[in-house]
Amino acid sequence: MHMTTKIAVAGCTGYAGGEILRLLLQRDDVEIGALTAKSSAGSRLGQHHQHLAPLFDRVVLDTTAENLAGHDVVFLALPHGTSAEVAAQLGDDVLVIDSGADFRLEDADAWQHFYGTEHAGTWPYGLPELPGQRAALATTKRIAVPGCFPTTVTLALAPALQAGLVDGHDVVVVAPTGPSGAGKSLKPHLLGSELMGSASAYGVGGVHRHVPEMLQNFRKLGATDATLCFTPVLVPMSRGILATVTAPLAAPTTAEAAREAYEQAYGDEPFVHLLPERLWPQTQSVLGSNHVHVQVTVDEAANRLVVVAALDNLTKGTAGGAIQSMNLALGLPETLGLTTWGVAP
């Protein structure tokens, strides 16, 4: 018997909400129910997402427990710090998937330091590729979707940490990204006239909110004393992340040995692809897909492992990762409704 899953999306007018809807529209096993927001309640979805033609005339409702009731799955694509209040009003029988940061961190002090509000708690982490996470996601009704940078950087470094190629000390990450990761709210530095023809670093010096999340993931991979220097760079492309991750080798290692560790780790992963030798990731190749492209080598002169990873911050970095996790929680094939091919040029 064909079962249909009824899904609501809170925060439907933002980039993450729009991407969740784009992916859900490709499926015939779901029913898209309530579409909600706050300031844009009462408008039609087409005013915010002209590319979602089948939903163009749907009226955006207010984000209330009443409007979100009666659904099998509720996606929360809300600003950081606002999901907890909404989630608390939803039943324990509803699968709630939070695309914000509210439930990602385990350390309440780290949350307080980086977000400045009371810690709401911790939910199972929606990165299936981490050890043990598929089993955790298969038995939960609450999922915290990772941040886009933590998804990229964690998947870039995980095989090296698990294989003992690096110990997590002195990890350095430089990661150009598009402005869609900052959301749809108007900010002067995200204006086209400011972005075009320019690249600018931000969140420099350990202050970016994704730093504690990345370190939390490193610890889960065995790097108990990991340190991280993370520099995100805003570049004039709408979406995508290209992260270059380097770390000192724990022992002399060849590029061939490093590659073998990555082949073993990702050979059976549906959404992480180790590129052929000498082929380096590019953001256009993963655009719109749930794929992560990875390449690894060793800088012998510097005695450092070098990994480059690319993903679409709105797809695998947010909405695609959320739906991948939803599939697992519902007992569905993990890859259902998700693609590994991008759009280029």
Side-chain angles (χ1 to χ4, degrees), residues 5-27 30-71 73-83 85-87 90 96-102 145 147-148 177-196 234 236-241 287-290 311-323 326 337-339 342-343:
T5 302
K6 189 173 183 181
I7 299 176
V9 178
C12 66
T13 58
Y15 290 136
E19 187 74 352
I20 290 168
L21 290 170
R22 182 182 75 85
L23 297 173
L24 291 176
L25 280 170
Q26 303 175 66
R27 299 175 60 153
V30 305
E31 175 190 347
I32 298 176
L35 306 180
T36 78
K38 275 298 181 183
S39 61
S40 52
S43 63
R44 295 190 181 274
L45 190 70
Q47 296 174 236
H48 311 279
H49 296 304
Q50 293 189 37
H51 62 300
L52 302 180
L55 302 173
F56 198 92
D57 291 326
R58 291 282 295 273
V59 175
V60 177
L61 306 176
D62 190 15
T63 299
T64 64
E66 181 181 7
N67 287 331
L68 295 174
H71 295 82
V73 180
V74 175
F75 286 96
L76 302 178
L78 303 172
H80 301 320
T82 61
S83 295
E85 181 180 355
V86 177
L90 301 175
V96 183
I97 304 173
D98 182 24
S99 296
D102 290 31
V145 179
C148 51
T177 186
S180 58
K184 217 172 184 181
S185 299
L186 181 62
K187 305 176 183 70
H189 72 288
L190 300 181
L191 294 172
S193 56
E194 300 289 339
L195 278 172
M196 298 308 296
L234 192 63
M237 61 182 183
S238 61
R239 52 203 285 173
I241 293 174
L287 184 67
S289 82
N290 202 53
L311 57 65
D312 185 324
N313 59 292
L314 291 180
T315 314
K316 177 57 175 170
T318 307
I323 289 174
M326 178 194 77
L338 297 169
T339 179
V343 179

Worksheet item: With sequence neighbours excluded, what pairs up with His49 under the ring pair (Phe, Tyr, Trp, His ring centres under 6.0 Å) test?
Response: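 His49: ring pair (Phe, Tyr, Trp, His ring centres under 6.0 Å) contacts with His51.
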How far does [atom1] of [X] sit from [atom2] of [Y], to the nearest 0.5 angstrom?
| X | Y | atom1 | atom2 | value |
| --- | --- | --- | --- | --- |
| Leu45 | Gln50 | CG | CD | 10.5 Å |
| Leu90 | Leu76 | CG | CG | 6.5 Å |
| Thr82 | Asp98 | OG1 | CG | 8.0 Å |
| Leu25 | Leu52 | CG | CG | 6.0 Å |
| Leu23 | Thr339 | CG | OG1 | 9.5 Å |
| Ile32 | Arg27 | CD1 | CZ | 10.5 Å |

Provide the closest heavy-atom pair for [X] versus [Y] in the form atom of the first, atom of the second, distance.
| X | Y | answer |
| --- | --- | --- |
| Leu61 | Ala34 | CD1-CB, 4.2 Å |
| Leu338 | Gly320 | CD1-O, 3.8 Å |
| Ala322 | Ser99 | CB-OG, 4.5 Å |
| Cys12 | Leu21 | CB-CD1, 4.1 Å |
| Gly17 | Ala77 | N-CB, 3.7 Å |
| Ala10 | Thr36 | CA-OG1, 3.1 Å |

Item to complete: Check Ile97, Val9, Val145, Ile7 against Ile20 for a side chain to side chain contact (heavy atoms under 4.5 Å, CB included) and give me the one that passes.
Response: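 Only match with Ile20 under side chain to side chain contact (heavy atoms under 4.5 Å, CB included): Val9.
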Polar side-chain atom of [X] near backbone of [Y] as donor-acceptor pair, under 3.5 Å:
| X | Y | value |
| --- | --- | --- |
| Asp312 | Gly288 | yes |
| Thr318 | Asn313 | yes |
| Thr177 | Leu234 | no |
| Asp102 | Ser83 | yes |
| Arg58 | Gly46 | no |
| His71 | Ala69 | yes |

Fill in: Selection residues 5-20 - residue pairs positive for side chain to side chain donor-acceptor pair (under 3.5 Å), sequence neighbours left out
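Passing the test, one end in residues 5-20: Thr13-Ser40, Glu19-Arg22, Glu19-Arg239, Glu19-Thr315.
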Discussion item. Considering only residues two or more places apart or on different chains, which pairs with a residue in residues 34-51 satisfy salt bridge (Lys or Arg N to Asp or Glu O under 4.0 Å)?
Written reply: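 Residue pairs passing salt bridge (Lys or Arg N to Asp or Glu O under 4.0 Å), neighbours aside: Lys38-Asp62.
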Discussion item. Just so I know, are the side chains of Asn290 and Ile323 near enough to count as touching, which here means a heavy-atom distance under 4.5 Å?
Written reply: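 In short, these two side chains do not touch, never coming nearer than 4.5 Å.
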Item to complete: Check whether more than 12 heavy atoms from other residues, nucleotides or ligands sit under 6.0 Å from atom CD of Glu85, and answer yes or no.
Response: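 No - once you tally the heavy atoms of other residues, nucleotides and ligands closer than 6.0 Å, there are 12 at most.
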